[in-house]
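What you see is a predicted model, and the numbers here were worked out from it, not measured in a lab.
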Amino acid sequence: GFVRLRSEEAERRQAAHDIRSTEDIVIEALRNARDAHARTILMAVSREGDRRRITVIDDGDGIPPEMHERIFEPRVTSKLDSAHMDKWGMHGRGMALYSISVNAEEARVLQSEPGLGTSLTVATDTESLAEKADQSTFPRFEQEPSGSWAMRGPKNIVRTAAEFALEHRGDLSVYLGTPVEVAATLYQLGLASLSPAVRAFGGDGAGIPLVKRLALAAGPDDLADRCEALGLPLSERSARRILDGAIVALDPLTERLAAESFPRQTHRPSERRRNSKN
């Protein structure tokens, strides 16, 4: 009754165990960015019919071009001495991205350079890889009879990302939204950190972190092209609205959690900006 599995079959079975839902892909992608020493992680999520797309852009260590495909192979990792256990299990074994790729229709690095961050996109079929039916409910904290606070809401994509953001508050910031919202946030991050001279003469962005490059856009067409290259497809109209400041940048998930749970005590920065204009 005993058999010896080939290593490839054993790894595929492990991958099927590690990734059972879209939410599992979300947490593995976030942990991967964290372990690459990212301080800022932006996740764009969208769905058309049964096709779910997740794009993660970070300011972490980045990946050499020759490794863009190999990182999806099993047991390939840059974290040989940093494998560790966290609340979601063991990480750093070189299996996270492999597990994602086995369970996804598409998983690839769009852009990445050492020291400049990474843009990674994943597409899944929700008919074969399930996800929570309720993806619209935002989590919130509720006080229990004992006096302690607990996060409530379906364990959907936003709650999964929010739990990760809360666990790592103070160490990194997580942003979650649509591709257009993430693009607007990246544009504002670049505006806040790049000088006018760099924005005017930065060209293709060589040497500039991915999370700041959208601020180099010369116009709506250029911005739309740069967003497409990062895995954030949007229309020229949306690009123009981003340049005009008509689309408000996202707040970090921890700030959104506070605003949703304690609305009388907390106002999100974007709300304060809007109120100051009225």
Side-chain angles (χ1 to χ4, degrees), residues 25-26 29 33 38 40-60 62-63 65 68-69 104-113 115-124 135 157-158 161 173-253 269-270 273-274:
I25 286 182
V26 167
T40 304
I41 307 173
L42 301 101
M43 178 173 285
V45 295
S46 60
R47 179 171 171 175
E48 294 184 7
D50 295 330
R51 188 176 178 84
R52 166 70 69 186
R53 182 167 292 279
I54 301 168
T55 299
V56 181
I57 303 169
D58 67 60
D59 62 353
I63 306 164
H68 284 189
E69 294 184 9
E105 289 191 324
E106 175 189 10
R108 60 191 176 101
V109 174
L110 296 174
Q111 293 188 36
S112 188
E113 301 171 46
L116 300 179
T118 297
S119 174
L120 181 150
T121 191
V122 178
T124 66
Q135 290 292 343
I157 291 174
V158 65
S173 296
V174 179
Y175 300 81
L176 176 72
T178 67
V180 172
E181 290 171 332
V182 168
T185 305
L186 287 169
Y187 180 73
Q188 290 298 326
L189 287 174
L191 286 184
S193 56
L194 298 179
S195 70
V198 171
R199 298 205 311 272
F201 302 105
D204 62 1
I208 297 175
L210 293 182
V211 297
K212 301 179 181 181
R213 288 186 187 177
L214 292 190
L216 303 175
D221 288 346
D222 188 20
L223 179 59
D225 289 343
R226 291 175 185 269
C227 287
E228 181 75 28
L230 283 175
L232 305 172
L234 49 79
S235 65
E236 182 181 339
R237 179 176 180 275
S238 293
R240 185 177 299 280
R241 294 185 67 215
I242 290 173
L243 293 175
D244 291 342
I247 299 178
V248 178
L250 294 164
D251 294 322
L253 270 177
S270 58
R273 290 195 295 271
R274 286 194 293 269

(message) Taking side-chain contact (heavy atoms from CB on, under 4.5 Å) as the criterion, tell me which of Ile57, Leu110, Leu230 meets it with Thr121.
(response) Leu110
(request) Please round to the nearest 0.5 Å and tell me the distance separating atom CG of Leu42 and atom OG1 of Thr185. (result) 6.5 Å
(message) Nearest 0.5 angstrom please: Ser235 OG to Arg241 CZ, how far?
(response) 9.0 Å
(message) Test your reading of the model: is there a side-chain donor-acceptor pair from Arg213 to the backbone of Ala215, 3.5 Å cut-off?
(response) no
(message) Tell me the closest heavy-atom pair linking Arg226 and Gly203, and the distance in Å.
(response) NH2-O, 2.8 Å
(request) Mark yes or no for whether Asp244, through its side chain, and Ala246, through its backbone, hold a donor-acceptor pair below 3.5 Å. (result) no
(request) Please name the pair of heavy atoms, one in Cys227 and one in Ala183, separated by the smallest distance, quoted to 0.1 Å. (result) SG-CB, 3.7 Å
(message) Please check this pair: side chain of Ser112 against backbone of Gly117, looking for a donor-acceptor N/O pair closer than 3.5 Å.
(response) yes
(message) If I compare all heavy atoms of Leu250 with all of Leu176, which pair ends up nearest, and what's the gap?
(response) CD1-O, 3.5 Å
(message) I need the Gln188 CD to Ile242 CD1 distance, nearest 0.5 Å.
(response) 9.5 Å
(message) Using 0.5 Å steps for rounding, measure from the NZ atom of Lys212 to the CG atom of Leu189.
(response) 9.0 Å
(message) For Arg108, is there any backbone N or O sitting under 3.5 Å from a side-chain donor or acceptor partner on His68?
(response) no
(request) State whether the number of non-hydrogen atoms from other residues, nucleotides or ligands found under 6.0 Å of Glu69 atom CD is greater than 12. (result) no
(request) Provide the closest heavy-atom pair for Glu236 versus Pro220 in the form atom of the first, atom of the second, distance. (result) CG-CB, 3.8 Å
(request) Mark yes or no for whether Arg51, through its side chain, and Ala123, through its backbone, hold a donor-acceptor pair below 3.5 Å. (result) no
(message) Distance check, rounded to the nearest 0.5 Å: Ile208 atom CD1 versus Leu194 atom CG?
(response) 5.5 Å
(request) Could you tell me the separation between the CD1 atom of Ile63 and the OG atom of Ser119, rounded to the nearest 0.5 Å? (result) 10.0 Å
(request) Evaluate the side-chain proximity of Val174 to Met43: yes if any heavy-atom separation is below 4.5 Å, no if none is. (result) no
(request) List the atom of Ala29, the atom of Val56, and the distance in Å for their closest heavy-atom pair. (result) CB-CG2, 3.9 Å
(message) When you measure from the side chain of Ser238 to the backbone of Val180, do you find a donor-acceptor pair of N or O atoms at a distance under 3.5 Å?
(response) no
(request) Grab the two heavy atoms, one from Leu214 and one from Tyr187, that are nearest each other, plus how far apart they are. (result) O-CD1, 3.5 Å
(message) Tell me if a side-chain donor or acceptor on Thr55 pairs with a main-chain N or O of Ala44 at a distance below 3.5 Å.
(response) no
(message) Let's go through Leu223 and Arg240 carefully: what are the C-alpha distance in whole Å and the side-chain angles of both, what is the deciding distance for side chain to side chain contact (heavy atoms under 4.5 Å, CB included) to 0.1 Å, and is it a yes or a no?
(response) CA-CA 8 Å; Leu223 179 59; Arg240 185 177 299 280; over 6 Å; no
